[in-house]
Amino acid sequence: MRIATWNVNSVRSRIDRVMGVLERHDLDVLMLQETKCRDDQFPAMPVQAAGYELAHVGYNQWNGVAVISRVGIEDVQVGFEDMPTYGDPAVSEARALGVTCGGVRVWSLYVPNGREVGHEHYDYKLDWLERLGVDAAKWLADDPQAQIALAGDWNIAPTDADVWDTEFFEGRTHVTPPERAAFQGIVDAGYTDVVRPYTSEPRTFTYWDYTQLRFPKKQGMRIDFALCSPALAARVTGASIDREERKGKGASDHAPVLVDLD
DNA sequence: ATGGTCGCAAAGCGA
């Protein structure tokens, strides 16, 4: 079984690339973030024609998360318990979708960006992560053998090695101690980054800004992760980052992150 | 090459 996560940055503008990723990697499950559409706008036909089922939540042109699976779609949960809201009026955003696929509980997650340190969105990000951690800990407490993947765009570079230039990021979001502590909180709850051991080369990234020729200059960030519960981590036989997918016209600014399970 | 990012409910915002 092979699962993957990808911040697609608009599924409508990139559905051909989505189908290409599914086929090229023979994926059983693909989690998407930033679909940027409502449920009724999701281009479901090619997905279904290829033998996949689809779960999606999207309320407007922002955010939006999906799970595409050919090993079943069960127990769909939109958002987690006590997921923080944002805005005025405060609303629940389409940033978390839990689905059971072939016995694996996958969560497609799009962690709030934070915008700027000290911004209301930054506090929202930290709160969101803390609440996620509380819920994720409960899932494992309820069933220590649960196979759970918390996968998606975490908008955090957990270590200095995960950004192309630490100086560039001084004072910016994604690298601050509170964000890194929040990420570590999920790890401490029992979830392991199963991809890093297979992708440990220096300057291995999952995201490159569209501007400033960041991709050809290899100036990226590692901010997309698949964190797995112990029982699921024990099944991992390999992982990779599809850097090729970032190339060419019409690429997302993120690359797919893939995990092989026995 | 005096500019060099995308995407959207677009002329402004979010990433």
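Letters go in sequence order (proteins before strands), and every chain restarts at 1.
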Quiz item: Given that A:S13 and A:N7 both sit by DNA chain B, which one's nearest nucleotide is further toward the 5' end?
Solution: A:S13

Self-check item: Neighbour count above 12 (heavy atom, 6.0 Å) for A:Q219 CD
Solution: yes

Quiz item: Whole-Å distance between B:dA15 C1' and A:K125 NZ?
Solution: 11 Å

Exercise. Give the C-alpha distance, both sets of side-chain angles, the deciding distance and a yes or no for salt bridge (Lys or Arg N to Asp or Glu O under 4.0 Å) between A:R2 and A:D260.
Key: CA-CA 5 Å; A:R2 180 175 288 153; A:D260 286 304; 2.6 Å; yes

Quiz item: Given B:dA15, B:dA9, B:dG14, which nucleotide is nearest the side-chain atoms of A:K36?
Solution: B:dG14

Quiz item: To the nearest Å, how far apart are A:E93 CD and B:dC8 P?
Solution: 18 Å

Quiz item: Going from CG on A:N7 to CG on A:D224, what distance comes out if it is rounded to the nearest 0.5 angstrom?
Solution: 6.5 Å

Exercise. In whole angstrom, give me the gap between the P atoms of B:dG14 and B:dA10.
Key: 14 Å

Quiz item: Does A:Y59 or A:H121 map to a spot on DNA chain B nearer the 5' end, using the closest nucleotide for each?
Solution: A:Y59

Quiz item: Using a cut-off of less than 4.0 Å, is there contact between a side-chain N or O of A:R12 and OP1 or OP2 of B:dC6?
Solution: no

Exercise. Remember a base hit wins even if backbone is also touched, and classify A:T211 as base, sugar-phosphate or nothing at under 4.0 Å, heavy atoms.
Key: base

Quiz prompt | Nearest heavy atoms of A:R105 and A:E74, plus distance in Å | solution = NH1-O, 3.7 Å

Self-check item: Distance, rounded to the nearest Å, where A:F42 contributes CZ and B:dC8 contributes P
Solution: 13 Å

Quiz item: Closest to the A:S10 side chain: B:dA15, B:dA9, B:dG7?
Solution: B:dG7

Quiz prompt | Options B:dC8, B:dG14, B:dT5, nucleotide nearest the side-chain atoms of A:Y210 | solution = B:dT5

Exercise. Take atom CG of A:N63 and atom P of B:dA15, then tell me their distance rounded to the nearest Å.
Key: 7 Å

Quiz item: When the distance from CH2 of A:W6 to P of B:dA15 is rounded to whole Å, what number comes out?
Solution: 19 Å

Exercise. State whether A:R14 places a side-chain N or O below 4.0 Å from either non-bridging phosphate oxygen (OP1 or OP2) of B:dG7.
Key: yes

Quiz item: What nucleic acid atoms does A:F215 come within less than 4.0 Å of, heavy atoms only: base, sugar-phosphate, or nothing?
Solution: nothing

Exercise. Could you measure between the two C1' atoms, the one in B:dA11 and the one in B:dG7, and give it in whole Å?
Key: 15 Å

Quiz item: Counting just side-chain N and O atoms, does A:R214 come under 4.0 Å of either OP1 or OP2 of B:dT5?
Solution: no

Exercise. Give the rounded distance in Å between these two atoms: CZ of A:R246 and C1' of B:dA15.
Key: 13 Å

Quiz item: To the nearest angstrom, how far is A:R38 atom CZ from B:dC8 atom P?
Solution: 13 Å

Quiz item: For the ring pair A:Y86 and A:H121, is the centre-to-centre distance below 6.0 Å?
Solution: yes

Practice problem: Round to the nearest Å and state the distance from A:D253 atom CG to B:dG14 atom P. | Solution: 17 Å

